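Structure record follows, encoded as C-alpha cells.
Predicted, not measured: the structure shown is a model, and the values here were computed from it. In what follows, chains carry the letters A, B, and so on, assigned in the order in which the sequence lines appear, proteins first and then strands, with residues in each chain numbered from 1.
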2 protein chains.
Amino acid sequence: MVAAAAASRVRATSKDDILDAAEQLFALRGFDGTSMREIAEEAGVAQALLHYHFRTKEGLFEAMFQRRSDAINSSRLARLDQILDAGTPRIEEIIDALLRPTLEAGHDPARGGATFARLILTTGASSHAWQRALIAASYDAMARRYIAAIGKAVPGLSLADATWGYLFVIGAALTHMSPTGRADRLSDGETSDSDTETLIARATTFAAAGLRALAADAARPGPRAGDGGHA
Amino acid sequence: MVAAAAASRVRATSKDDILDAAEQLFALRGFDGTSMREIAEEAGVAQALLHYHFRTKEGLFEAMFQRRSDAINSSRLARLDQILDAGTPRIEEIIDALLRPTLEAGHDPARGGATFARLILTTGASSHAWQRALIAASYDAMARRYIAAIGKAVPGLSLADATWGYLFVIGAALTHMSPTGRADRLSDGETSDSDTETLIARATTFAAAGLRALAADAARPGPRAGDGGHA
DNA sequence: GTCTATAGTTCGATAGAC
DNA sequence: GTCTATCGAACTATAGAC
C-alpha cells in the first residue's frame, strides 16, 4: 500500500502504461473498434501482460473507465462542495463545475482532444448491460448530488424536471467535447468546436436559461405535454 | 426506374430486408459491434448476398444510413417549409420540427426503441473519416437551413451562436432518445426516459429558452468568455 | 512480472454452382 | 439473384518458459 503509493509517485508502472494506452485507444475507437493487440503495442508491452493484469478485455475497460471517472467525479464533487459551502448557489457555477472536469479529463494537448466525454456517452448508450451498469456505478451518486444542487439553485424545479435538466446539460455539452470541425463548417468559420472555452461558455448560458425555463413552465397553470395525466 | 418504384410499392425486396436488418443491428450494437453474419441471419439471406448488393460492410452501412437519414431530413425540411410559409416562425415550432422526425424514425413499437438517434451521434463522432463524411453529406445542408431559421426566430443571434444552439439542441435531445432507464433511476421514478412526449416537451422548453439566452447574452456589453478577442 | 508461441474462434470477402 | 463452401486474416485468451 505504502510502497505502491510511493512507486506511483516515482514513475508510471506497466499497469499505468497499459491503462493510459487503453484509455487513449478506447476513447478514440470505442470498445469493439479497439483490439488488445493495439493496446499492448501502444503501451509497449506484450499482449499477455494485459491479461495478467486485467484478465479480460472487459476487465481492462472497466479498470480504465473507473480510473478516469473517479478522477472526474472527485473533482466535480469537490467543486460542488465549495459552491454549496459559500451559500445559495448560482446555477451557472454549478453547470461550470459539472462540465469543466470532463472537458479537462485526459486532455492531452499533444494529441487529438478531449475524447473521454465521447466514451462516457457511448458507454451509457451501449447495448452491453455491463457497460450501462458501469455508468450507473460510476456516475449515479454524483449525478444525484448535482440534481439536488440544481433544484436548490433553481427554485420551483421538480425532481423530474431537475433530472431532465441534468441529462440535457450532459447531452448538449459532452456530445461536442470531441472536436470534429462540424461547428467550424456549419458556421462558415465564425466559431470552432476546438475552442473549449467557447463551448463551456455557450453551454453554460444555454443550459442555465433552459433550467430556469423548465421551472417557469412547471409553474404555469393548465396541463402540460408529456405528463400523462399525473397532474 | 418505373418498375423499381412499382416493385417497392408491392413488397419488400431482399435488398430492403437486408437494409432493415442492418439498420436494426447497427443501431443497437454499432458498426464495429455488428457482423455481416448477424445481419444476414436477421435478414434471412445468405451472407454472400450482402456483398453482392453492397460490396462491403462499409457500403452496406452507407446505404442503410443514407436511406433513413434521407427520410428523416425530407420530413424535417417539409415541416420547416410549412412553418416558414406561415409567417414569422416561433422557435418552439422549429425545435419540434427538428426533433420529432428523428424520434419517430425507425421507431418500431414492437421492439426496443428509437435507436437511430444513437447511430447519428456515434457516426458523427466516429474516428473513421468516412463516417464523419457521411454525416456531412447527409445532414449539413439540412442543418444550415435550420440554423438560418433559428436565427430568424430568435433575433440577435449571430451565426456562431445559432450554430452552437443548433448543436446543443441536437446533443441534448438525441443523446436521450434511446431509453436506458437512467432518468427513471435518477428521479426515483418521477419521470421516465421511455416517455418520448415528455422528452420532446422538456427538450423544447429547455432549448427554446437556451437559444433566447444566447441572443440576450450576446447583446450585453463587455467581453465574453471564449470569444478570443474577435469582438 | 514479463515474455513467446499458439490454440481456438470469428471475421470480411470471394469463388463458383445454380 | 441467391446459394454453399472456404480462404486468409484478425481476434481473445491461455500455456508455459524465464
Sidechain N-carboxylate O distance under 4.0 Å for A:Arg67, A:Asp20: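 Yes, charged N to carboxylate O under 4.0 Å.
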
Pair B:Asp195 + B:Arg202, salt bridge at N-O below 4.0 Å: no

Check: B:Phe61 and B:Thr34 side chains under 4.5 Å, non-hydrogen atoms: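 With C-beta onward as the side chain, the pair stays apart.
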
C:dT2 phosphate, OP1 or OP2, under 4.0 Å from A:Ser14 side-chain N/O: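 It does, given that an N or O in the side chain of A:Ser14 lies less than 4.0 Å from OP1 or OP2 of C:dT2.
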
Between [atom2] on [N] and [atom1] on [X], what's the gap in Å once rounded to a whole number?
| X | N | atom1 | atom2 | answer |
| --- | --- | --- | --- | --- |
| B:Glu38 | C:dC11 | CD | P | 6 Å |
| B:Tyr52 | C:dG16 | OH | C1' | 15 Å |
| A:Asp17 | C:dG1 | CG | P | 14 Å |

A:Asp193: salt bridge (charged side-chain N to carboxylate O under 4.0 Å, His left out) partners, not counting sequence neighbours: none

Ring centroid separation A:Phe26 to A:Phe116 under 6.0 Å: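 That pair fails the under 6.0 Å test.
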
Side chain of B:Thr56 - closest among C:dT2, D:dT2, C:dA13: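 Of the candidates, C:dA13 comes closest.
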
Selected nucleotide, minimal atom distance to A:His51 side chain, candidates C:dT2, D:dA13, C:dA13: D:dA13

Crowding at CD, A:Gln82 (>12 non-hydrogen neighbours, <6.0 Å):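 No, CD of A:Gln82 has 12 or fewer neighbouring heavy atoms, counting only those of other groups under 6.0 Å.
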
Annotated protein contacts, base or backbone, on nucleotides 3-10 of chain D with a non-hydrogen cut-off under 4.0 Å, one of B, S, - each: BB------

